[in-house]
S.K.: 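There's a structure below that I have some questions on.
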There are 2 protein chains.
Amino acid sequence: MTEDKLQYIEEAGMAFELFGMTRMAGRILGYLIVCDNESVSFNEIMGALKASKGSISGTTKQLIAVGFVEPVSLPGDRKTYFRISNLEVGSILRERIKLFVKFAEVLDKGRNLKEKNDRVTDWTLEVSSFYKWLGDEVDLILQKWEREKENIIKENSENYGNKKKST
Amino acid sequence: MTEDKLQYIEEAGMAFELFGMTRMAGRILGYLIVCDNESVSFNEIMGALKASKGSISGTTKQLIAVGFVEPVSLPGDRKTYFRISNLEVGSILRERIKLFVKFAEVLDKGRNLKEKNDRVTDWTLEVSSFYKWLGDEVDLILQKWEREKENIIKENSENYGNKKKST
DNA sequence: CATTTAGTTCAATTATTATTGAACTAAATG
DNA sequence: CATTTAGTTCAATAATAATTGAACTAAATG
């Protein structure tokens with residue numbers, strides 16, 4: 001594994017921490033992103049990240065639970081391999097928006113404890129209405145993405161990265 | 001402060017913790033949501049939450065920094081008061097989506113470290129294209145909200161909570 | 001069926017983050 | 001200008017979360 005990839009793995013660890021995952025989960029994802037194998041073994045991950053068995057065991061389970069990673073098993077091989085899931089963008093977004101809807105519910109609950117309306121109840125009503133609306137809107141957004149994605153992805157691919165294919 | 005409100009404050013503390021804030025920040029927000037004053041003093045918050053001066057000082061600063069709370073100062077009164085900001089839903093959403101765009105950039109960076117394309121580069125390209133597209137799309141979504149919000153909010157207000165006004 | 005391999009579990013440790021509390025600054029008041 | 005009030009700062013402590021490592025289970029292999 002090259003130095004720049006190792007460095008990226010640590011960076012990914014830090015970055016994914018910002019999204020509420022553990023650093024180790026970020027490192028594993030980073031490793032799965034930059035490594036050149038279709039799927040990698042428990043031991044390979046352990047070696048590459050210099051982490052303990054227990055940590056790899058627990059963290060891969062977490063990543064599988066949230067759907068970012070899937071276990072792969074091969075015939076005639078008792079090991080488990082791991083790879084990045086082909087998680088659809090839609091399901092990732094929907095999960096995130098569910099959190100917003102939950103946030104909206106906390107606001108509603110607070111509003112309902114008040115005797116009368118004021119500036120704050122107006123605000124919580126607006127914000128919670130918005131998040132609940134957004135929860136409904138997400139399907140339309142994703143339909144639009146489905147219609148446009150082919151062009152967008154092509155354009156992105158030409159502008160940024162993936163240039164190696166054409167050399 | 002009634003028992004159910006005190007309980008709500010603790011619940012809000014736990015809930016906001018899920019969104020990456022500290023429990024104390026959640027409690028302060030919860031308090032500002034359910035208390036019946038337009039704005040509340042440092043000391044009142046301290047008393048209501050039974051927390052230390054230092055903690056209230058630090059946490060209110062945090063909440064002000066991220067825009068959820070604003071300090072209010074009154075003429076002829078040397079105290080600082082605090083209240084929930086009228087933060088627009090649009091700016092909250094834009095901030096959130098910025099995080100997704102950052103996530104997209106981490107994926108791009110990983111993809112660019114690879115020698116050749118495979119299943120994973122295809123996936124990271126799609127996901128990062130999506131998040132970057134979403135970053136652009138947010139303005140259209142918010143425009144739609146502006147057009148529809150009046151009706152949605154009214155409906156929400158009738159269906160859920162805020163019934164006290166009419167009694 | 002003994003041995004090796006692959007992974008799990010969980011108590012102990014380490015690292016990180018939040019909160020307190022006491023000493024401090026700065027402004028307002030008498 | 002001494003005193004009170006309002007809030008800040010920050011080192012110490014407490015609470016929480018992540019990671020290790022060693023003992024374990026369970027399946028596969030010879």
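Predicted model only: the values in this text are computed from it and were never measured. Below, chain A is the first sequence line, B the second, and so on; all start at residue 1. Heavy atoms only: backbone and side chains are in, while hydrogens, waters and symmetry mates are out.
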S.K.: Decide side-chain contact (heavy atoms from CB on, under 4.5 Å) for A:Ile28 and A:Ile45; before the verdict, give the C-alpha distance in whole Å, the side-chain angles of both, and the deciding distance to 0.1 Å.
M.R.: CA-CA 7 Å; A:Ile28 292 179; A:Ile45 297 175; 4.1 Å; yes

S.K.: Mind running a 4.0 Å heavy-atom check of residues 10-39 of chain A against DNA chain D and sending the residues that fall below it, in number order?
M.R.: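 DNA chain D contact set from residues 10-39 of chain A: A:Thr22, A:Arg23, A:Met24, A:Arg27.
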
S.K.: Return the minimal non-hydrogen interatomic distance between B:Tyr31 and B:Ile9, and the atom names on each side.
M.R.: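 That would be CD1-CD1, 3.7 Å.
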
S.K.: A:Phe103 and B:Phe16: aromatic ring centres closer than 6.0 Å?
M.R.: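 Centroid separation for A:Phe103 and B:Phe16: below 6.0 Å.
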
S.K.: Would you please name every residue forming a salt bridge (Lys or Arg N to Asp or Glu O under 4.0 Å) with A:Glu126, sequence neighbours left out?
M.R.: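 Counting only residues at least two positions away or on another chain, A:Glu126 forms a salt bridge (Lys or Arg N to Asp or Glu O under 4.0 Å) with B:Lys149.
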
S.K.: Going by an N to O cut-off under 4.0 Å, is there a salt bridge joining A:Arg111 and A:Asp108?
M.R.: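 Yes, A:Arg111 and A:Asp108 are salt-bridged.
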
S.K.: Show me the dot-bracket string of DNA chain C, counting Watson-Crick or G-U pairs under 3.5 Å, with | for pairs to another strand and [ ] for crossing ones.
M.R.: ||||||||||||||||||||||||||||||

S.K.: For B:Glu17 and B:Thr22, work out which heavy atoms get closest and say how close.
M.R.: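 Closest approach of B:Glu17 to B:Thr22, heavy atoms only: CG-C, 4.3 Å.
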
S.K.: Rounded to whole angstrom units, what separation is found between the CG atom of A:Leu63 and the P atom of D:dA18?
M.R.: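 Atom CG in A:Leu63 sits about 13 Å away from atom P in D:dA18.
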
S.K.: For the pair B:Phe68 and A:Trp123, name the ring-plane relationship: parallel under 30°, tilted 30 to 60°, perpendicular over 60°.
M.R.: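 Plane angle over 60°, so perpendicular.
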
S.K.: Taking side chain to side chain donor-acceptor pair (under 3.5 Å) as the test, write out the residues that go with B:Trp145, two or more places apart.
M.R.: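 B:Trp145 satisfies side chain to side chain donor-acceptor pair (under 3.5 Å) with no other residue.
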
S.K.: Which letter, B, S or -, goes with each nucleotide of nucleotides 4-15 of chain C from 5' to 3', with contact meaning a protein heavy atom under 4.0 Å?
M.R.: BBSBBB------

S.K.: Is it true that B:Lys109 and A:Glu11 make a salt bridge, defined as a side-chain N closer than 4.0 Å to a carboxylate O?
M.R.: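 The answer is yes: the pair qualifies as a salt bridge.
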
S.K.: Does anything in residues 54-79 of chain A form a salt bridge (charged side-chain N to carboxylate O under 4.0 Å, His left out)? List the pairs, not counting sequence neighbours.
M.R.: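 Applying salt bridge (charged side-chain N to carboxylate O under 4.0 Å, His left out) to every pair that reaches into residues 54-79 of chain A, excluding sequence neighbours, yields A:Glu70-A:Arg83.
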
